[in-house]
2 protein chains.
Amino acid sequence: MKSLKTNKATESEMEILRVLWERGPSTVREVHELLLKNKASGYTTTLKLMQIMLEKGLLTRNTTNRTHVYACAVKQVFFQKQLVGKIIDGMFKGSPAQLIMHALGNHRASRDELIEIKKYLDNIVRQDDVKGKANPKK
Amino acid sequence: MKSLKTNKATESEMEILRVLWERGPSTVREVHELLLKNKASGYTTTLKLMQIMLEKGLLTRNTTNRTHVYACAVKQVFFQKQLVGKIIDGMFKGSPAQLIMHALGNHRASRDELIEIKKYLDNIVRQDDVKGKANPKK
DNA sequence: ACTTAATTACGAATACTTTCGTAGCACTAA
DNA sequence: TTAGTGCTACGAAAGTATTCGTAATTAAGT
């Protein structure tokens, strides 16, 4: 019996997922056109990949029309979490702070974004104050 | 002529790099023992991988002793940058803020770390104020 | 000297990913 | 009906990555 686990996507599969996350349900042709902007490849290549992804459970499709419409079967959030976790564990030795400074160092955020992040941080710290009460230092 | 570019490491190669970044220069045996904690594999598999990495320029080695000692030839920072960039572009649509919230959401930082991050943010914002002067909103 | 154990070098098998050619079907227009 | 176009299905080639077996070499112990 084949496994068909949903937990992993290859590099090429990721590209397709990204297109579908952004566009929503799409035909192979539509996905293919977009992929072409980054890299030349044949139409049947994209088709085959999407068929494989269907088997793996990464995609679903609607076959009522002759031209099938594919959609993501997996939440982007799931992959984001997985990725971030992998990176923090693997590259930043469990230190989110380091990751964040890298992220900000290389991809300058807009002012609004920075403010948003600050708010978020304030919230977390405040929560800690309430919950952790007298927990001055580790 | 072979290319032997330094710019990419496969998944397995990454694991080896991580061991070497952490331990510093090590023998194949030492690396192998550590890898075993995560995944069964033969000694010569690790050996072969490290030899390939040597060819690619990812590692260097000292062969004065019979038991060779390998070391990373590439900076961890380089890979961190690369990775973070890839993730921000690919998964977070160029929004560092989102990435950061994910990072903090799933890997709770210590209080000290949070404070450190806040300081860092304050700095950035202050710099923007100076440079951007009357730049209230985009 | 001989045996044993640890090590390197390397070819080759296996496994996984990506790519594409070809066949067949459905729809449309002439 | 026939030709043309666009689609799916699918096998299989080509490209990469991973795994391991075997031979040769060295070091150490007996």
Side-chain angles (χ1 to χ4, degrees), chain A residues 1-20 25-71 79 86 90, chain B residues 1-20 25-71 79 86 90:
Chain A
M1 203 214 262
K2 286 278 185 62
S3 83
L4 308 187
K5 285 287 181 182
T6 306
N7 52 9
K8 224 176 222 168
T10 67
E11 207 53 38
S12 305
E13 289 172 345
M14 260 310 184
E15 275 161 28
I16 290 173
L17 284 178
R18 284 212 294 270
V19 170
L20 289 174
S26 311
T27 64
V28 174
R29 172 81 36 203
E30 288 164 343
V31 171
H32 182 61
E33 294 303 324
L34 281 181
L35 293 184
L36 278 185
K37 291 184 180 174
N38 300 320
K39 178 162 170 282
S41 83
Y43 172 82
T44 54
T45 299
T46 305
L47 171 65
K48 178 71 167 189
L49 270 174
M50 290 175 75
Q51 286 169 342
I52 289 171
M53 292 170 78
L54 178 71
E55 277 192 353
K56 285 196 192 173
L58 290 170
L59 303 184
T60 57
R61 74 175 169 187
N62 179 329
T63 58
T64 53
N65 295 308
R66 190 168 88 87
T67 302
H68 301 172
V69 175
Y70 288 78
F79 281 85
K86 209 172 104 182
Chain B
M1 203 213 259
K2 285 278 184 63
S3 82
L4 306 186
K5 284 286 180 179
T6 305
N7 52 9
K8 226 175 221 169
T10 68
E11 208 52 39
S12 306
E13 288 172 347
M14 260 309 185
E15 276 160 27
I16 291 173
L17 284 178
R18 284 211 294 269
V19 170
L20 290 174
S26 311
T27 65
V28 174
R29 171 81 39 203
E30 288 164 342
V31 171
H32 182 62
E33 294 304 325
L34 281 182
L35 293 185
L36 278 184
K37 291 185 180 173
N38 301 319
K39 177 158 170 285
S41 82
Y43 172 81
T44 53
T45 300
T46 304
L47 171 64
K48 178 71 168 188
L49 270 173
M50 290 175 74
Q51 286 170 342
I52 289 170
M53 291 170 77
L54 178 71
E55 277 193 352
K56 285 196 193 175
L58 289 170
L59 304 183
T60 57
R61 76 176 170 187
N62 178 330
T63 58
T64 55
N65 295 309
R66 189 169 90 88
T67 302
H68 302 174
V69 176
Y70 288 79
F79 281 86
K86 209 172 104 181

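Lettering of chains follows the sequences in order, A, B, ..., and the numbering in each one begins at 1. Keep in mind that what you see is a predicted model, and the values were worked out from it rather than measured.
Atoms NZ (B/Lys39) and P (D/dA17) sit 15 Å apart, rounded to a whole Å. At whole-Å resolution of the value, NZ in A/Lys8 and P in D/dA17 are 15 Å apart. In this structure, A/His32 places its NE2 atom 11 Å from P of C/dT19, rounding to the nearest Å. B/Asn62 has its CG atom 12 Å from the P atom of C/dT8, to the nearest Å. Rounded to a whole Å, the OH atom of A/Tyr70 is 12 Å from the P atom of D/dC7. We find that CD of B/Glu55 is positioned 15 Å from P of C/dT8, with the value rounded to whole Å. What separates CD of B/Glu30 from P of C/dA6 is a distance of 15 Å, to the nearest Å. Spacing between atom CD1 of B/Ile52 and atom C1' of D/dT16 amounts to 10 Å, rounded to whole angstrom units.
Across A/Leu20 and A/Tyr70, no two heavy atoms sit closer than the pair CD2-O, 3.8 Å. A pairwise comparison of heavy atoms in A/Leu58 and A/Lys8 identifies CD1-O, 4.0 Å as the closest pair.
Taking only side-chain atoms of A/Tyr43, from C-beta outward, the nucleotide of D/dT19, D/dA9, D/dC7 with the closest atom is D/dC7. Taking the side chain of B/Leu49 as heavy atoms from C-beta on, and the options D/dT18, C/dT18, D/dT26, the nearest nucleotide is D/dT18. Comparing D/dT8, D/dA9, C/dC27 by their closest approach to the side chain of A/Val28 singles out D/dT8. When distances are taken from the side chain of A/His68 to each of C/dA26, D/dA9, C/dA9, the shortest belongs to D/dA9. Closest contact between the side chain of B/Leu47 and the listed nucleotides C/dT8, D/dC10, D/dC7 involves C/dT8. Relative to the side chain of B/Thr67, the nucleotides D/dC20, D/dT18, C/dT7 differ in distance, and C/dT7 lies closest.
Side-chain atoms of B/Lys48 stay outside donor-acceptor range of the base of D/dG21, with no qualifying N/O pair under 3.5 Å. Put simply, the side chain of A/Arg29 and the base of D/dG6 share no donor and acceptor less than 3.5 Å apart.
Here the side chains of B/Asn38 and B/Glu15 are not in contact, with every heavy-atom distance at 4.5 Å or above.
Look at B/Ser12 and you'll find a side-chain N or O under 4.0 angstrom from OP1 or OP2 of D/dT18.
Look at B/Lys56 and B/Glu13 and you find a salt bridge, because one of the NZ, NE, NH1 or NH2 atoms lies within 4.0 Å of a carboxylate O, short of that distance.
In this structure, A/Gln51 reaches the bases: a heavy-atom distance under 4.0 Å links it to at least one base atom across the strands shown. Within 4.0 Å of B/Ser41, counting heavy atoms only, lie sugar-phosphate atoms of the nucleic acid but no base atom.
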*Go through the steps to decide whether B/Asn62 and B/Thr64 satisfy the test side-chain hydrogen bond (donor to acceptor under 3.5 Å, both in side chains), and finish with yes or no.*
CA-CA 6 Å; B/Asn62 178 330; B/Thr64 55; 2.7 Å; yes
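Test B/His32, B/Glu30, B/Gln51, B/Glu33 against B/Thr46 for side chain to side chain donor-acceptor pair (under 3.5 Å) and you get one pass: B/His32.
Residue whose closest nucleotide on DNA chain D sits further toward the 5' end, between A/Arg66 and A/Arg61: A/Arg66. Heavy-atom distances to DNA chain C give each of A/Thr44 and A/Glu11 a nearest nucleotide, and the one nearer the 5′ end belongs to A/Glu11.
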